[in-house]
Amino acid sequence: MLPTLDARLAAAAELVRPGEPVADIGCDHGKLTAVLAASGRYPKVIGADLRPGPLAKAEQTLEHAGCKDRAELRLGDGLSVLTENEVGSIVLAGVSAQTTWEILEKAPWVFTARGPRIIMIPATRHDALRRWLWEHGFRFVADRPVQAAGRWYAVMAAEYTGETHEPTFAECLFGGTGVWPEGKGYADWQKAKLPRMRLGVPDGSALAAEIDAILKEGTER
Ligand SMILES: C[S@@+](CC[C@H](N)C(=O)[O-])C[C@H]1O[C@@H](n2cnc3c(N)ncnc32)[C@H](O)[C@@H]1O
């Protein structure tokens, strides 16, 4: 039986480049790997994880979905399981923002124009990951707010262009989510975290001014 994807992974699947190989890095339960493999839309589907336990779970999921022969499972750290140009899309879902960029930093071949599309669902610090992507020459293809299991997520897709951008704090906090109907709910959730974040920011700093402006705007609406 084919597994059901939550709204987060379903949105990530929609962003995979059709007709090109794809890798699901940190595949864990293997649900996304199985759905991608069963779709028949990709010439190669790779599921990979750092640990053997999750990979065994993924193998079972593929078996139950009847598509074990349509996906390859690989054990290893981040993108070390891939070779340059092997895939057109890389999914990195459910790991922290920092783990996401550390995985990318270890694979210099990602930082090339016409390199792979990186599809990410950071488990933490959406703002920090957006900043890292802009500052390292990626452009956003998508930044979609999604609610799953009572939590907000941002499903991001980015491609390397080499053109860097110094974003404002507001850009990092909300990204491109405002164009979606769910954008308001996502923005409210992001704003709710600001008073706590503000406690650790020195008064008089540029960041403090930006946070205060966003908070003020919220109370004036
Ligand atoms: C919370 S699960 C996310 C599973 C799935 N991608 C999802 O979003 O539902 C995170 C998985 O990433 C794996 N992981 C963490 N760091 C990794 C790394 N450097 N390379 C590959 N996999 C990693 C973990 O072993 C774990 O199975």
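For ligands, and for the atoms within them, numbers begin at 1 and follow the listed sequence. What you see below is based on every heavy atom in this structure, not just the backbone, and it leaves out hydrogens, waters and symmetry mates.
A perpendicular orientation is assigned to the rings of Phe111 and Phe138, their planes being inclined by more than 60° (bins at 30° and 60°). Taking the six-membered ring for Trp and thresholds of 30 and 60 degrees, His126 and Trp189 have ring planes inclined between 30 and 60 degrees apart.
Under the 4.5 Å side-chain criterion, counting only non-hydrogen atoms from C-beta, Glu135 is not in contact with Thr164. Between Ile46 and Lys44 there is a side-chain heavy-atom pair separated by less than 4.5 Å.
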Dump the intermediate steps for salt bridge (Lys or Arg N to Asp or Glu O under 4.0 Å) on Arg74 and Asp49, then the final yes or no.
-> CA-CA 7 Å; Arg74 299 182 186 175; Asp49 207 283; over 6 Å; no
Take Glu163 and Arg139 through the test salt bridge (Lys or Arg N to Asp or Glu O under 4.0 Å) and record every step on the way to the result.
-> CA-CA 8 Å; Glu163 267 181 56; Arg139 99 184 151 90; over 6 Å; no
Steps toward salt bridge (Lys or Arg N to Asp or Glu O under 4.0 Å) verdict (Asp28, Arg51) = CA-CA 9 Å; Asp28 193 7; Arg51 298 177 294 131; 5.4 Å; no
Evaluate the criterion side-chain hydrogen bond (donor to acceptor under 3.5 Å, both in side chains) for residue pair Thr33 and Asp24; output intermediate values, then yes/no.
-> CA-CA 6 Å; Thr33 310; Asp24 177 18; 2.7 Å; yes
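Less than 4.0 angstrom separates some heavy atom of Pro54 from each of these atoms of ligand 1: 27 (O). Of all atoms in ligand 1, listed by their number and element, those nearer than 4.0 Å to a heavy atom of Gly76 are 20 (N), 21 (C). Ligand 1 places these atoms under 4.0 Å from at least one heavy atom of Arg51: 24 (C), 25 (O), 26 (C), 27 (O). Residue-ligand proximity, Ile103 to ligand 1, at heavy-atom distances under 4.0 Å covers atoms 18 (C), 19 (N). Taking every heavy atom of Asp77 and a limit of under 4.0 angstrom, the matching atoms of ligand 1 come to 18 (C), 19 (N), 20 (N).
Of the candidates Thr83, Leu82, Asn85, Trp109 forms a side chain to side chain contact (heavy atoms under 4.5 Å, CB included) with just one, namely Leu82.
With hydrogens left out, the protein atom closest to atom 3 (C) of ligand 1 is Ala93 O, 3.5 Å, a heavy atom. Considering only non-hydrogen protein atoms, atom 15 (C) of ligand 1 sits nearest to Val95 CG1, 3.8 Å. Scanning all protein heavy atoms for the shortest distance to atom 1 (C) of ligand 1 gives Gly94 O, 3.4 Å. At the top of the distance list for atom 12 (O) of ligand 1, counting protein heavy atoms only, stands Gly26 CA, 3.4 Å. Looking only at heavy atoms of the protein, atom 20 (N) of ligand 1 is closest to Gly78 N, 2.8 Å. The closest protein non-hydrogen atom to atom 8 (O) of ligand 1 is Arg8 NH1, 2.9 Å. Summary of contacts: the protein heavy atom closest to atom 25 (O) of ligand 1 is Asp49 OD1, 2.6 Å. Looking only at heavy atoms of the protein, atom 2 (S) of ligand 1 is closest to Asp28 OD2, 3.6 Å.
Taking distance alone, with nitrogen or oxygen atoms compared against 3.5 Å, Leu9 stays at or beyond that limit from ligand 1. Where the criterion is an N or O separation shorter than 3.5 Å, residue side chain and backbone included, Cys27 fails it with respect to ligand 1. Residue Leu50 places at least one N or O, backbone or side chain, under 3.5 Å from an N or O of ligand 1.
Using a distance-only test at 3.5 Å, with no hydrogens or angles considered, a donor-acceptor pair links the side chain of Thr61 to the main chain of Lys57.
Residue-level proximity to ligand 1 for His29 is carried by the side chain, the only part with a heavy atom below 4.0 angstrom. When heavy-atom distances to ligand 1 are checked against a 4.0 Å cut-off, Ile121 has no atom that comes that close, whether in backbone or side chain.
Ring centroids of Phe140 and Trp134 are separated by less than 6.0 Å, placing the two rings close together.
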